[in-house]
Amino acid sequence: MKYHKIAVIIAGIDQSYQAAILKGIASSAVKCNMHISVFVSFSGTMGDSKQQSDDFNTLSGTMSNPKHDTGEFNIFNLPDLSFFDGAILLTNTIGYQPVINDILEKIKAADIPAVSIDYDIPYLYHIGIDNKIAMRRITEHLIDVHKFSRFKYISGPKDNPESADRLSAFLEVLREHDITIDDDSLFYGDFRAPSGKAAIDYFLTQDEKLPDAIICANDVMAASAINKLVEFGYSVPKDIAVTGFDNTYSHHNYQVELTSVDRPLVFSGQLACEMLDNHFNELTFNRSIVLSAGAHFTESCGCMENAHLDISEFRSLNYRNYMKYEHSMSFMSSINRLNCSLLSCNTLEAYVDTLKSFVAEMDPEEFYLCLCDNWDSESAIDDNSRGISESDDIQTDYTDQFIVAVAYKRGKFYDDTKIVSKKNLLPETDGSIETGLYYYIPMHFGKRCLGYMCIHNSPLPLNNSMFETLCISLSNSIENLRKVVCLEFAVSKLRILYTMDTFCDIYNRNGFVQASGAIYEDCVKNKKNIMLMFIDLDGLKGINDTYGHDVGDCAICNIADILRDSCTNGEVFCRFGGDEFIVFASESTDEDAERLTAKIQANVKAINDRKCNPYELSASTGYVISVPNPGDDIFRFVTEADKKMYVEKRKKKRSKYLKT
């Protein structure tokens, strides 16, 4: 059966507004035969908060960290929208306009139909909810029914269209009733709970006299504002009335039943799928549909007669909340165990095995962890340690291909698919394509892009802040593993620098000692012969003086190459210093040493026969065969071999070393 691939762009799925719309999308996805890819950012949601005073500045994004927000927003660069049939946009949840602009440009370039929810973009299909009428009803109710005249207002971000509509309606009603309000009575938040608390702190420092009512642009801020007022000893609605907007939770969930606005958020998600389905089926329908919202007046504004007192409803709510709490505690315990286990992993294989255990325990229908193919790049461990710009040092973009670290579907892990492209995003498993929602989450550390995670039909509470905690834990643990890999790489490079003569690419003295140490000790213990040979390049000074030091360096490297070609029976050799080399072997006889000497001289002659040098290459050798005694230092035999080498060297004449 043909299905349509739909991309959903959204931020902050842990918020009630987004969760309700996604619930509606999910309910229509199967009916409309849609494979929905939900690209999720957890930061910068609903716009940046504006500073109210030097003392009270509400949050900017979830982490209040621009680098983290950049890494989160990068998820919107993951999909190539030209491979999708359509899109559903909740750009009103994204708090950074340049990101929104970039998304809209990508939609244009892909030339696919898209539905924008709440934010009306003229060239896209649109589903809106009339925020103004509902806010007018709330404000008029407080003035006309409760006779309030002194107000404070907790708004969403200034640049958010829903927030702007609600504030505009509130101010219009005040003007119509000749009620004035100053700027200090307005607080711009970010639609999250901390904004409600921060607003009360701000209002109480600006004005000791409480207003009659505080109108809030959503329920989350209203509920946290009520909690803060109670902390200060105020009673709602006795001392002050508070209203919300959205009515996304049961009114019994709060300290008092919350006066709010019922918005058809679930239906908005359903309708978005249906609009795209109508487009695919070439049906005629309106480009823009604006839904109505109704006000719900109850306890928090003083309408006590509308409060619900059904004890069975309270019991049902308490049970649901208890089950959510129990599930959350179990989930948090699993996250803590996983986090501790992952942070102890030193290899990707160990990391994957640990994560698989967690995935199997949680048992989503599908789970994928895909890492950028350069996730373990050997860039700086400390991003600012070298005083260079991050753009020069950090992988900030998704790669074209990804390493499939974990692929899990219907209780089975698939380990045969190792690479997936940016075009497909999901690796092939059993060949089936599912309808429904697939959530794509960015894996990153600050700006550093590490990859992405994808989950489908999960028992995990994805619209819960603990899911964000899981995502952060996974990202941090991947970065920790990357640093371990980088440190091991750095240690291996240091080990090479410590043990290898990088000029000749053979052992230096340190490497020689490490490589020969155990063999030498065995010879001491078991009274075995050792052979120590000393090799010295003849006439290096003459070569340097006549042809220059670069040519002299080549002569030194020639000797190293000769030793590599000659020492083929387990001998250990190194550059001892300058133009001097040593060779060590165990259980060698004089005949073995003479054969090695002859092989070295034959290889010297072979180089000279090629006439590739302007000089005649020559090397003097000397060796000792001995059984070392306990306490004998191996370098004592180096000295003896050196003396024998000089006996040979003195027999030679300087003219032999240079061509005439």
Side-chain angles (χ1 to χ4, degrees), residues 496-497 499-513 515-516 530-586 588-625 634-635 637-660:
I496 291 172
L497 292 173
T499 61
M500 298 298 292
D501 184 287
T502 53
F503 178 63
C504 295
D505 197 27
I506 62 175
Y507 283 131
N508 58 21
R509 288 195 194 190
N510 295 323
F512 177 83
V513 170
S516 64
I530 68 162
M531 185 276 291
L532 203 298
M533 181 178 289
F534 198 99
I535 303 99
D536 185 80
L537 172 63
D538 295 328
L540 178 61
K541 184 178 185 305
I543 296 173
N544 286 335
D545 292 346
T546 305
Y547 302 107
H549 286 272
D550 288 345
V551 176
D553 290 345
C554 287
I556 293 173
C557 290
N558 283 162
I559 301 300
D561 292 338
I562 287 168
L563 291 180
R564 246 191 305 270
D565 294 337
S566 304
C567 299
T568 57
N569 294 313
E571 299 91 347
V572 179
F573 57 94
C574 79
R575 184 184 180 199
F576 191 65
D579 57 353
E580 299 171 335
F581 300 81
I582 57 176
V583 179
F584 167 81
S586 66
S588 291
T589 63
D590 282 295
E591 290 77 11
D592 295 329
E594 290 297 338
R595 277 194 293 270
L596 179 58
T597 300
K599 189 183 291 187
I600 290 172
Q601 295 301 337
N603 284 323
V604 169
K605 182 178 182 301
I607 288 179
N608 288 330
D609 290 345
R610 292 200 298 268
K611 299 186 183 300
C612 54
N613 295 319
Y615 54 84
E616 191 79 11
L617 185 67
S618 178
S620 298
T621 63
Y623 68 86
V624 294
I625 303 291
I634 192 172
F635 289 107
F637 301 100
V638 173
T639 303
E640 293 182 18
D642 182 34
K643 290 177 181 178
K644 292 192 176 184
M645 182 274 300
Y646 266 102
V647 172
E648 179 185 347
K649 184 180 284 288
R650 281 194 294 268
K651 297 177 183 178
K652 298 179 179 180
K653 294 181 180 179
R654 180 177 182 277
S655 60
K656 178 181 179 180
Y657 311 145
L658 303 177
K659 289 183 178 179
T660 57

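Keep in mind that what you see is a predicted model, and the values were worked out from it rather than measured.
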Starting at CG of D590, measure out to OH of Y623 and round the result to the nearest 0.5 Å.
-> 4.0 Å
Give a yes or no on whether the backbone of A585 and the side-chain of E571 come within a donor-acceptor separation of less than 3.5 Å.
-> no
Over all heavy atoms of both residues, which pair between Y507 and M500 is shortest? Give the atoms and the distance, please.
-> CD2-SD, 3.7 Å
Nearest heavy-atom neighbours spanning S566 and N603 = OG-ND2, 2.7 Å
Compare all side-chain heavy atoms of L617 with those of I559 and state whether any distance is below 4.5 angstrom.
-> yes
Quick one: closest heavy-atom pair of V583 and C567, and the distance?
-> CG1-SG, 3.9 Å
Nearest heavy-atom approach of I535 to A619 is CG2-CB, 4.0 Å
Determine the interplanar angle of the F512 and F584 rings, folded into 0 to 90°, and report it as parallel if under 30°, tilted if 30 to 60°, perpendicular if over 60°.
-> perpendicular
Please round to the nearest 0.5 Å and tell me the distance separating atom NZ of K605 and atom OG of S618.
-> 13.5 Å
Write down the atom of N608, the atom of Y615, and the distance for their closest heavy-atom approach.
-> OD1-O, 4.2 Å
Spacing of I625 atom CD1 and E591 atom CD [to the nearest 0.5 Å] = 9.0 Å
Using salt bridge (charged side-chain N to carboxylate O under 4.0 Å, His left out) as the criterion, point out the one residue from D553, D505, D501 that pairs with R575.
-> D501
Before giving the answer on side chain to side chain contact (heavy atoms under 4.5 Å, CB included), spell out for N508 and T502 the whole-Å C-alpha distance, their side-chain angles and the decisive distance to 0.1 Å.
-> CA-CA 8 Å; N508 58 21; T502 53; over 6 Å; no
List the steps, then state whether side chain to side chain contact (heavy atoms under 4.5 Å, CB included) holds for N613 with I543.
-> CA-CA 10 Å; N613 295 319; I543 296 173; over 6 Å; no
Do S620 and D538 meet the criterion of a side-chain donor-acceptor pair at a distance under 3.5 Å?
-> yes
Of all heavy-atom pairs between A641 and G622, which one has the smallest distance, and what is that distance?
-> CB-O, 3.7 Å
Value rounded to 0.5 Å, distance of OG1 in T639 from NZ in K644 = 13.0 Å
Are side-chain N/O atoms of T589 and D592 paired as donor and acceptor at under 3.5 Å?
-> yes
Inter-residue atom distance C554.SG - D561.CG, 0.5 Å rounding | 10.0 Å
Can you find a heavy atom in the side chain of F576 that is under 4.5 Å from one in the side chain of F534?
-> yes
I556 CD1 to N544 CG distance, which is reported to the nearest 0.5 Å = 7.0 Å
For the residue pair T597 and M533, establish whether any side-chain heavy-atom pair is separated by less than 4.5 Å.
-> yes
